[in-house]
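Positions are given from 1, in the same order as the sequence printed here.
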Amino acid sequence: MGVLDRFEKGVERVVSSAFAKAFRSEVKPVEIASAIRKDMDDRAASFSRGRTVVPNTFDVELGESDHERVVEWGEDALADEIIAAAAEHAREQGFSLVGPLAVTFSAKPDLETGRFRVHSSTVRAGGEQGVPQGNQHAGQHGDQQQSWTGTVPAPPRHPLIDIDGKRYLLTSETTVLGRGNESDIVVDDTGVSRRHVEIRRTPRGVVVTDLGSTNGTFVEGNRITAATLVDGNTVTMGRTRLLFYSGEGTDA
């Protein structure tokens, strides 16, 4: 089974039968997901250290009747399902994301029922947009056309962390990770404390500090109170592992 077949079957599995019935004769969720997958593949940009960066934010433009159907059946739920499938595709292909995946839907009067467009861009963690105007994919029941209107995003020189395939640039001096909503990066893991660790950029390197967590923080399997991270280090908290990349050798 090819990558595209696996991707589409994965979408079909996660999207409920209610969605399938709702979109019987209009735009189908699998068509939107496939357009996003194709956009990621087409716009994959290889940088140093073997990283291949792809867009992470997607605005799906729909005709008014299709958009009403999406709202009726739950646009947040549909976005979550498409994001899950896109994240799995990124992991399988070894793609890098400079920020979390996001999918939004909007209504456009110029689009007929059954037609849609996907605008993609690369938005770094914290909201900085790397590509002001992304590719556009238009489709009708799976038919897609492509036109390039953006620029290749510059590779980050900031250090970054990878959590389950999602990559976050460490652009701030300090970044707090934890289960609580007050954390800069929220980690959905019951073994992680509400404010578990702080990652601080200093002139001497990037330092990870445990914030008095219940289950502790481990770097390369060793429990730490504070440690300076080097490229490729693995940090474990609860059941979650994150990979640290220094970002050295790249140009902004």
Side-chain angles (χ1 to χ4, degrees), residues 7 10-11 14-15 19 27-45 51-62 66-67 69-71 73-108 111 116-139 144 146 149-156 158 160-172 175 177 179 181-188 240 242:
F7 181 83
V11 175
V14 297
V15 176
F19 280 122
V27 174
K28 295 177 174 57
V30 68
E31 295 170 355
I32 298 173
S34 293
I36 288 175
R37 176 209 62 80
K38 187 176 188 301
D39 190 274
M40 295 171 77
D41 291 344
D42 290 346
R43 296 193 58 205
R51 291 199 296 268
T52 301
V53 176
V54 295
N56 62 304
T57 66
F58 304 89
D59 178 35
V60 181
E61 295 181 348
L62 301 160
D66 284 324
H67 185 258
R69 194 64 60 90
V70 168
V71 173
W73 288 96
E75 55 186 323
D76 290 341
L78 180 57
D80 288 345
E81 303 294 6
I82 293 175
I83 287 171
E88 179 61 27
H89 180 66
R91 283 192 290 270
E92 286 187 354
Q93 299 304 304
F95 292 151
S96 299
L97 303 169
V98 299
L101 283 162
V103 175
T104 57
F105 302 95
S106 58
K108 295 295 179 181
L111 288 174
F116 65 93
R117 288 190 297 259
V118 175
H119 296 264
S120 66
S121 58
T122 303
V123 179
R124 299 176 181 176
E128 181 182 351
Q129 189 162 338
V131 182
Q133 186 176 11
N135 266 10
Q136 300 180 46
H137 287 273
Q144 297 158 9
Q146 171 183 294
T149 58
T151 57
V152 177
H158 298 290
L160 60 85
I161 56 175
D162 181 307
I163 305 176
D164 294 332
K166 290 185 178 181
R167 293 193 168 190
Y168 303 89
L169 283 174
L170 302 178
T171 56
S172 300
T175 303
L177 289 78
R179 185 165 45 87
N181 291 331
E182 67 272 20
S183 297
D184 299 310
I185 298 176
V186 178
V187 180
D188 186 13
T240 300
L242 65 88

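Scored by the side-chain contact (heavy atoms from CB on, under 4.5 Å) test, L101 finds N56, F58, I83, A86, A87, L97 as partners (sequence neighbours excluded). With sequence neighbours left out, the side-chain contact (heavy atoms from CB on, under 4.5 Å) criterion links I161 to I163, Y168, L170, L177, I185, I199, L242, F244.
Residue V103 forms a side chain to side chain contact (heavy atoms under 4.5 Å, CB included) with just one option from D76, V118, I82, and that option is I82. Of the listed residues (V54, T52, V53), just one forms a side chain to side chain contact (heavy atoms under 4.5 Å, CB included) with S96, and that residue is V53.
Taking all atoms of both residues into account, the shortest heavy-atom contact from R117 to L111 is NH1-CD2, 3.3 Å. What you find for M40 and A90 is that their closest heavy atoms are CE-CB, 3.9 Å. The nearest pair of heavy atoms linking S120 to R43 is OG-NH1, 2.7 Å.
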Quick one, R167 with L169, criterion side chain to side chain contact (heavy atoms under 4.5 Å, CB included). Give me CA distance, side-chain angles, the key distance, then yes/no. CA-CA 7 Å; R167 293 193 168 190; L169 283 174; over 6 Å; no
Check against side chain to side chain contact (heavy atoms under 4.5 Å, CB included), E88 and R91: CA-CA 5 Å; E88 179 61 27; R91 283 192 290 270; 3.0 Å; yes
Given H89 and D41, is the side chain to side chain contact (heavy atoms under 4.5 Å, CB included) satisfied, shown in steps? CA-CA 10 Å; H89 180 66; D41 291 344; 2.9 Å; yes
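Looking at T57, its side chain does come within 3.5 Å of a backbone N or O of S121 through a donor-acceptor pair.
For the atom pair OG1 (T104) and NE2 (H119), the distance works out to 10.0 Å, reported to the nearest 0.5 Å. Note: I32 CD1 to D66 CG = 8.0 Å, rounded to the nearest 0.5 Å. From K108, atom NZ reaches atom NE2 of H67 across 10.0 Å, with rounding to the nearest 0.5 Å. A distance of 11.0 Å separates CZ in R37 from CD in E92, rounded to the nearest 0.5 Å.
Heavy atoms from other residues, nucleotides or ligands lying under 6.0 Å from CG of D80 number more than 12.
Using a 4.5 Å heavy-atom cutoff, the side chains of D39 and P55 are in contact.
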